[in-house]
Participant: 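Pasting a structure below so you can have a look.
Computed from heavy atoms alone, side chains included, the values below leave out hydrogens, waters and symmetry copies. Sequence positions, counted from 1, serve as the residue numbers for this chain.
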Amino acid sequence: MDDASADVAEPANLRFLRRLVTVLTAVMILGVVILIGLLVIRLNTPRSLPLPAEIALPDGATATAFTRGPDWLAVVTADDRILILDAATGALRQEVQITRPD
């Protein structure tokens, strides 16, 4: 019975479909491996900006929050002000007063 099934030729459409599925499976596996590799590379690269050792605030200002931009630092103070400082020099660039809604 095995000899009879071996003699039957595989239809061309079925052969094409089998090869197509095999190629698509290989492409999908390769794509997933590449995506995982790119994620691992991207997540392992450090992107931290250097933080200053100390920040000089105006007299009487107490910091409650801090954030850093590419070339600026922002400090939120306890008296509802945002101080924008230059990252390189520490000089005050801008001061924003926070108003609370009534």
Participant: Distance check, rounded to the nearest 0.5 Å: I82 atom CD1 versus I98 atom CD1?
Facilitator: 4.0 Å
Participant: Share the residues that join L39 in a hydrophobic cluster, the rule being Ile, Leu, Val, Met, Phe, Trp or Tyr side chains under 4.5 Å apart at the heavy-atom level.
Facilitator: none
Participant: Report the distance from atom CD of E95 to atom CG of L85, rounding to the nearest 0.5 Å.
Facilitator: 10.0 Å
Participant: Hey, could you give me the CD/CZ distance between E10 and R15, rounded to the nearest 0.5 Å?
Facilitator: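 Nearest 0.5 Å value for the CD-CZ distance: 5.5 Å.
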Participant: Looking only at heavy atoms, which two atoms of A88 and D86 are closest? And how far apart?
Facilitator: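 Here A88 and D86 meet closest at N-OD2, 3.1 Å.
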Participant: Who pairs with E54 by side chain to side chain donor-acceptor pair (under 3.5 Å), at least two apart in sequence or on another chain?
Facilitator: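 Checked E54 against side chain to side chain donor-acceptor pair (under 3.5 Å); zero matches.
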Participant: Between CG of L83 and CG of L57, what distance do you get to the nearest 0.5 Å?
Facilitator: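 Going from the CG atom of L83 to the CG atom of L57 covers 6.5 Å.
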Participant: For Q97 versus D79, what's the shortest heavy-atom pair and its separation?
Facilitator: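 It is NE2-O, 3.7 Å.
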Participant: Please answer: with hydrophobic residues joined when any side-chain heavy atoms are less than 4.5 Å apart, are L43 and I34 in the same cluster?
Facilitator: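 No; tracing contacts between hydrophobic side chains, which count when under 4.5 Å, never links both residues.
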Participant: In Å and rounded to the nearest 0.5 Å, what is the CG to OG1 distance from L30 to T25?
Facilitator: 12.5 Å
Participant: I'd like a table of donor-acceptor pairs (distance under 3.5 Å, sequence neighbours excluded) in which one partner is a side-chain atom from residues 58-76, with atom names and distances.
Facilitator:
residue : atom : partner : partner atom : Å
T64     : OG1  : V76     : O            : 3.0
R68     : NH1  : P50     : O            : 3.0
D71     : OD2  : R93     : NH2          : 3.3

Participant: What's the spacing between R19 CZ and L14 CG if we round to 0.5 Å?
Facilitator: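 R19 CZ to L14 CG: 11.0 Å, rounded to 0.5 Å.
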